[in-house]
Amino acid sequence: MEYSKKILVTGGAGFIGSHLIDLLVKTYREYLIINFDKLTYAGNLENLKGVEQSPNYCFIKGDITDRAALTKVFEDYGVTDVIHLAAESHVDRSIDAPQSFVETNVLGTLQLLAVCRQFWEGQAGHLFYHVSTDEVYGTLGETGLFKETTAYDPRSPYSASKASSDHLVRAYFHTYELPVVISNCSNNYGPRQFPEKLIPLMINNIKHEKKLPVYGDGQYTRDWLWVEDHALAIDLIFHRGVVGQTYNIGGNNEWKNIDLVQRLCDICDELLGRPAGTSRQLISFVKDRPGHDRRYAIDSGKIQRELNWSPTVAPEIGLRMTAKWYLEQEEWLESITSGAYREYYEKQYGS
Ligand code: NAD
Ligand code: TYD
């Protein structure tokens, strides 16, 4: 079959990437979706079960820092577009070991940009879509929202590496006229998120009656977006976004960490048939994260106005679906949390 687009999705075996691939493969049979992923600890081909047999999907194991591997994919498939999600994505890991964050997020993005330029220069009809985070904007006080025009002020090695990659993407747009678009999204949640992140970590610990480690005073605030709503936003921006522009994406769904953890306790108690209030007793305030950003919140007015996007899944429903999914995923969780992750967890939180 002659595909109208051949889209290279990097990091497609991860949390957001796998949901995006599900959406693209099923919605656009006329596109070939090429998943390019190194399969780090965070990448899992189980996440692609829903599409692995589809004729318009293929997987290539590879590292975005490997220029020769990228070149080969462009040659073999005639890549027309890139949606770039591959990254080291966990703030705590970036604090312990920043090197791989610079290698993948900065140098890997640079390699990808360079290959796009090499293959696409002087041609129309291509797009480099860079998926980024609201963490590049730094931290907010009690009020205010991040806008597309907010100055960058990253404060963790993770956000510094993502900010750096955003700058490189814009530099390629201005310097080489590479057609790019960027989106900066708030915290995602939903099935298949690696259980080092707040929501799945808490659900997993509630399930196993382990302590629930809340950093510092628990008053840190995040805006949470259902992962499939992020995938829908990426689809819209990919097709209708203006080249050279940035779009902020948020859930309009701010929670203080402690309130969120308590809500998860209550939902899980209900789902597990435990008496109300049981799991809240597991909450344990632990040493704070160094440089912990106090509050993130997004003004997503631009994507709402210009592309008519808004979140579709209400927080209460999304949290319930997420809790239910993790409580039922014995095998997925076991395969993912054994081995190297167990060592990481014990180092971070004790056993
Ligand atoms: P994730 O950690 O679940 O997945 C990352 C994927 O990238 C994994 O499959 C991993 O194997 C792959 N990868 C890592 N290094 C690679 C390399 N060198 N070459 C090829 N593949 C590599 O991450 P996620 O939460 O799905 O995030 C995806 C993207 O979205 C990231 O760029 C992240 O910065 C951004 N983002 C995430 C969130 C969030 O809440 N999770 C919010 C906003 C933006
Ligand atoms: P996380 O899921 O790591 O996302 P990010 O740091 O990218 O926002 O953390 C979300 C919030 O939860 C953040 O304020 C840190 C906090 N947190 C805890 O309190 N305990 C934990 O065990 C984890 C992983 C995070």
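Computed over heavy atoms, backbone and side chain alike; hydrogens, waters and symmetry mates excluded. One-based numbering, in listed order, for ligands and for the atoms of each.
- Ring to ring, Phe15 and Phe194 are not that close: their centroids are 6.0 angstrom or more apart.
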List, for ligand 2, each N/O atom that has a protein N/O partner under 3.5 Å away, with both atom names and the distance.
residue  : atom   : partner : partner atom : Å
ligand 2 : 2 (O)  : Leu198  : N            : 2.9
ligand 2 : 3 (O)  : Arg289  : NH2          : 3.0
ligand 2 : 4 (O)  : Asn187  : ND2          : 3.3
ligand 2 : 6 (O)  : Arg289  : NH1          : 2.5
ligand 2 : 6 (O)  : Arg289  : NH2          : 3.2
ligand 2 : 7 (O)  : Glu135  : OE2          : 2.5
ligand 2 : 8 (O)  : Asn187  : ND2          : 2.9
ligand 2 : 8 (O)  : Arg222  : NE           : 2.7
ligand 2 : 12 (O) : Asn257  : ND2          : 3.3
ligand 2 : 14 (O) : Arg222  : NH2          : 3.3
ligand 2 : 14 (O) : Asn257  : ND2          : 2.9
ligand 2 : 14 (O) : His292  : NE2          : 2.7
ligand 2 : 19 (O) : Tyr215  : N            : 2.8
ligand 2 : 20 (N) : Pro213  : O            : 2.7
ligand 2 : 22 (O) : Pro213  : O            : 3.3
ligand 2 : 22 (O) : Tyr349  : OH           : 2.7

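- Within the 6.0 Å centre-distance limit, the rings of Phe119 and Phe74 are counted as a close aromatic pair.
- Ile34 and Ile16 fall within the same hydrophobic cluster, where Ile, Leu, Val, Met, Phe, Trp and Tyr residues are linked whenever their side-chain heavy atoms come under 4.5 Å apart, directly or through other members.
- Taking the six-membered ring where the residue is Trp, the centroids of Tyr31 and His239 are separated by under 6.0 Å.
- By the 30° and 60° cut-offs, the orientation of the rings of Phe101 relative to Tyr158 is perpendicular.
- Sorted by chain and number, the residues within 4.0 Å of ligand 1 by heavy atom are Gly11, Ala13, Gly14, Phe15, Ile16, Asp37, Lys38, Leu39, Thr40, Ala42, Gly43, Gly62, Asp63, Ile64, Leu85, Ala86, Ala87, Ser89, Thr104, Val131, Ser132, Thr133, Tyr158, Lys162, Cys185, Ser186, Asn187, Asn188.
- The aromatic rings of Phe128 and His130 sit parallel, their planes meeting at an angle under 30°, below the 60° perpendicular limit.
- Between His126 and Trp120, the two ring planes are parallel [angle under 30°; tilted spans 30° to 60°].
- Ring planes of Tyr152 and His167: tilted class, angle from 30 to 60°.
- Ring orientation note: the planes of Tyr326 and Trp332 are nearly perpendicular, at an angle over 60° on the 30°/60° scale.
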